[in-house]
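Atom set for the values below is all heavy atoms of this structure, side chains included, hydrogens, waters and symmetry mates excluded. Here the structure is a predicted model, which is why all the values come from computation and not from measurement. One is the number of the first residue; the rest follow in order along the sequence.
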Amino acid sequence: MIEEKKQLNYGESTIYEIVKQIEEDRFVMPAFQRQYVWNMEQIEKLWDSILSNFPISTFLFWHLDNNNTTNETFFCTFMKKMLFKNSKKQPADESYNIQTIDTSIVDTAILDGQQRLTSLYLSLIGETNLSKGRGIPYPSKLYIELDERKVETEEDGVNCKTFGIEFTDKLSMISPTKFEIRKILKEKFQDKETRQTAIQKEIQSVPEPRRKYAERVLNLLCTKIFDDKIIRYTEIFNMQHDDALEMFVRFNNGGIPLKKSEITMAILNVYWSNARTEFGHLLDGCYKNFGIDFIIRTALMLYGDVLKSCIDRIVASELRDNWSKFCKNLQNLTDVLKHFNLSVLDFSDRWNVLLPIIYEIDKNPDYMDNLDGIRCYLYRALFFTYFQNGTTTKLAKLRDAINEYNFSIEEDLLDQINELKLNDQKLEDILNTEKGKLTKTVLSILYVSRNIEIGNSEQDHIHPRVCFDKNKPIGVSDEEWRDWHKKRDKLPNLQYISKLSNAYKNDIPLYNYYNSIPSEIERKAFLDTGLIPQNISLEVKDFGKFYEERKNLLKEKIRELLSF
């Protein structure tokens with residue numbers, strides 16, 4: 001079937017014609033639209049731009065008919081009232097009314113311009129309230145100052161305001177020279193034959209010398225709302241739903257940028273009106289710091305194409321219909337991590353590494369019999385920084401490999417992926433890593449794998465760093481000293497140590513600190529906990545031997561963690 005060619009229709013309309021059509025529910029928005037996000041100040045500046053003869057950009061409409069909508073194509077009507085949070089910062093998170101439409105009555109959806117059109121409607125016809133914490137919200141209305149002397153002109157470049165337009169909730173204290181903008185919709189202002197008389201009557205409260213300004217402002221307001229066709233739009237005919245979605249995403253690259261999660265939630269609302277609430281419940285628990293992107297990427301891993309960044313109808317429906325199992329998978333993941341003495345909170349900033357494990361949990365009912373394979377994958381992915389780049393491609397590769405191995409992460413599977421294959425060079429690279437995020441990860445897993453609590457610990461040097469800024473010990477060559485200076489920040493000279501002990505240890509040389517430990521049992525515990533070789537000199541002059549001995553010890557322990 002050949003797709004019917006899209007047609008474009010260009011049109012113009014007045015603000016009054018548009019807001020009346022919104023009031024009559026003649027316009028709708030696709031259900032993948034995001035929430036209304038403008039604050040009161042943005043509405044004020046929109047009106048200032050209009051009265052200043054600045055263009056307010058074009059609008060994009062989508063013509064609807066029986067060929068591009070079905071009973072499963074959902075839309076939402078405009079917000080007719082809005083609650084703004086305290087200090088005019090932003091609107092409250094109001095939910096749209098999702099519904100299907102009768103295209104014989106409603107045939108136009110707004111693809112680009114929702115924020116501006118909603119703002120115009122709320123200003124002129126709708127209801128705006130301002131929350132001040134607890135209690136009943138205060139009605140807040142938009143006014144324009146008619147007394148030129150009371151207009152405070154801002155002069156900060158592109159954000160300047162020329163006219164005295166402002167929302168206020170102090171309705172009982174309104175100056176007689178302020179005009180409520182929505183009053184302009186009265187018939188006497190619409191009719192050009194009665195307009196001038198109505199304006200003259202309205203400006204009587206303005207001092208005589210400044211009435212010309214007031215008259216000009218009200219005439220300008222009438223002209224911009226009733227006469228000038230400043231709403232310029234392009235209407236697209238013969239466009240299908242998926243194309244409309246793609247166009248919506250592209251057009252919303254400007255203005256207040258859309259985050260991927262916002263686009264995704266907008267699409268999800270089409271197929272699952274309760275998605276935001278369910279996501280909120282999940283992300284308030286042990287996955288608190290993960291965010292919506294984690295849920296979406298996991299859903300794409302389980303039900304769709306993980307290479308894509310945006311959810312579609314099939315994935316949204318699968319996620320909705322399998323939500324209980326999805327949540328159970330994540331609970332099971334927390335139990336798997338506990339077997340390794342790890343918490344899911346350890347992965348809030350690197351959750352991509354967990355997705356292949358979730359995939360196996362979902363597809364393989366015997367995943368608990370493969371804890372060895374899961375452990376090796378997890379530690380290799382972390383130690384080899386597998387997801388440092390090309391994340392989605394690597395997730396897709398892993399998913400395909402897991403499918404080939406009957407939904408089980410096996411040693412052969414990991415060895416087939418070069419970046420996850422264990423060899424001496426990779427171990428050497430880890431051991432030569434300088435203090436940072438990776439060494440912190442390696443040390444933390446080395447410690448917790450031995451049931452050592454690191455909750456109140458921090459990464460630091462074993463031989464203090466400052467020891468290598470002093471004069472070299474007697475008997476140490478210049479070449480050795482330069483080499484040790486380079487090695488002091490590398491993994492073999494790093495440890496996890498309690499914050500209290502580290503504060504005391506500070507810059508004390510290792511030999512002196514070790515001998516200050518009161519008992520033989522505590523000294524042995526210090527060496528065991530820190531994976532420090534026994535029966536070796538701890539003096540700075542013997543750092544070279546210490547470094548190689550501890551490097552070999554760590555290499556052995558790391559190999560054990562990464563091996564089946």
Side-chain angles (χ1 to χ4, degrees), residues 13-25 38-53 56 78-84 88 91 116-130 137-152 161-208 210-231:
S13 182
T14 66
I15 290 176
Y16 178 69
E17 290 168 342
I18 287 289
V19 297
K20 287 299 289 183
Q21 288 176 300
I22 294 174
E23 174 69 7
E24 296 165 1
D25 294 324
W38 275 25
N39 57 36
M40 286 181 161
E41 185 178 11
Q42 286 172 294
I43 299 176
E44 295 165 359
K45 288 183 177 180
L46 174 65
W47 279 105
D48 194 83
S49 295
I50 291 170
L51 296 181
S52 299
N53 292 317
I56 58 172
F78 275 78
M79 299 299 294
K80 298 295 182 71
K81 66 179 188 178
M82 184 62 62
L83 174 65
F84 290 87
K88 302 183 182 180
R116 287 166 288 161
L117 293 181
T118 301
S119 298
L120 292 173
Y121 175 83
L122 290 173
S123 306
L124 293 171
I125 299 178
E127 180 182 329
T128 51
N129 296 295
L130 183 62
Y138 291 76
S140 185
K141 297 182 180 181
L142 190 64
Y143 286 82
I144 186 167
E145 178 59 63
L146 299 181
D147 187 341
E148 187 175 13
R149 287 193 177 182
K150 295 181 180 179
V151 176
E152 297 181 4
K161 285 169 62 178
T162 302
F163 295 86
I165 302 173
E166 186 177 21
F167 276 100
T168 181
D169 57 284
K170 299 179 175 63
L171 303 182
S172 62
M173 303 168 59
I174 294 297
S175 164
T177 61
K178 284 185 179 291
F179 177 78
E180 184 183 349
I181 286 182
R182 68 177 55 219
K183 286 172 58 178
I184 208 73
L185 295 188
K186 290 182 178 180
E187 182 66 31
K188 61 183 180 181
F189 292 106
Q190 293 184 45
D191 190 338
K192 288 186 177 181
E193 293 185 2
T194 60
R195 182 181 295 175
Q196 293 308 314
T197 301
I199 289 175
Q200 291 302 320
K201 185 176 180 180
E202 193 65 44
I203 65 175
Q204 290 304 306
S205 58
V206 179
E208 175 65 35
R210 295 185 288 281
R211 286 182 186 172
K212 283 194 176 295
Y213 171 82
E215 180 181 0
R216 182 172 69 85
V217 167
L218 289 183
N219 267 306
L220 183 60
L221 196 60
C222 288
T223 300
K224 293 300 181 183
I225 292 174
F226 302 119
D227 305 335
D228 291 352
K229 294 182 179 295
I230 65 173
I231 305 296

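- Without hydrogens or angle criteria, E127 side chain to K80 main chain gives no donor-acceptor distance under 3.5 Å.
- For D169 against Y138, the heavy-atom pair with the smallest separation is CB-CB, 3.9 Å.
- Checking side-chain atoms of S119 against main-chain N and O of I43 turns up no donor-acceptor pair under 3.5 Å.
- Here the CG atom belonging to L142 is positioned 10.0 Å from the CG atom belonging to L46, to the nearest 0.5 angstrom.
- Rounding to the nearest 0.5 Å gives a distance of 5.0 Å between CG of L120 and CD1 of I50.
- One N or O on the side chain of D191 and one on the backbone of E193 form a donor-acceptor pair closer than 3.5 Å.
- Remark: the backbone N or O of K201 is not paired with any side-chain donor or acceptor of Q204 at under 3.5 angstrom.
- With rounding to the nearest 0.5 Å, the separation of CD1 in I231 from CD in E17 is 10.0 Å.
- Using cut-offs of 30° and 60° for the angle between ring planes, the F167 and F84 rings count as tilted.
- In this structure, L51 and K224 approach most closely via the heavy-atom pair CD2-CG, 4.0 Å.
- Scanning for side-chain contact (heavy atoms from CB on, under 4.5 Å) contacts around R149 gives D147, R210, with sequence neighbours left out.
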Worked verdict on Y16 versus L185 for side chain to side chain contact (heavy atoms under 4.5 Å, CB included): CA-CA 8 Å; Y16 178 69; L185 295 188; 3.7 Å; yes
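- Shown here for P176 and S205, the closest heavy-atom pair between the two residues is O-OG, 2.7 Å.
- The shortest side-chain heavy-atom distance between Y121 and M79 does not fall under the 4.5 Å cut-off.
- With sequence neighbours excluded, the residues that form a side-chain contact (heavy atoms from CB on, under 4.5 Å) with I174 are Y143, T168, K178.
- The side-chain contact (heavy atoms from CB on, under 4.5 Å) check on K192 picks up R195, D227, with sequence neighbours excluded.
- A distance of 12.5 Å separates CD1 of I18 from CG of L124, quoted to the nearest 0.5 Å.
- Not a single donor-acceptor pair under 3.5 Å links the side chain of N129 to the backbone N or O of L83.
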Salt bridge (charged side-chain N to carboxylate O under 4.0 Å, His left out) between E208 and R211, intermediate numbers included: CA-CA 5 Å; E208 175 65 35; R211 286 182 186 172; 2.9 Å; yes
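- Here the CD1 atom belonging to I203 is positioned 12.5 Å from the CZ atom belonging to R216, to the nearest 0.5 angstrom.
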Derivation and outcome, side chain to side chain contact (heavy atoms under 4.5 Å, CB included), residues F179 and I184: CA-CA 9 Å; F179 177 78; I184 208 73; 3.9 Å; yes
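- The distance from the CD1 atom of I144 to the CG atom of L146 is 7.0 Å, given to the nearest 0.5 Å.
- Residues K150 and T177 approach most closely at NZ-OG1, 3.4 Å, considering heavy atoms.
- Nearest heavy-atom pair across A198 and F189 is CB-CE2, 3.8 Å.
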Test side chain to side chain contact (heavy atoms under 4.5 Å, CB included) applied to E148 and V206, step by step: CA-CA 9 Å; E148 187 175 13; V206 179; over 6 Å; no
Check against side chain to side chain contact (heavy atoms under 4.5 Å, CB included), K45 and Q42: CA-CA 5 Å; K45 288 183 177 180; Q42 286 172 294; 5.7 Å; no
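- Within a 6.0 Å sphere centred on NZ of K229, heavy atoms belonging to other residues, nucleotides or ligands number more than 12.
- The shortest non-hydrogen separation linking G126 to R182 is O-NH2, 2.6 Å.
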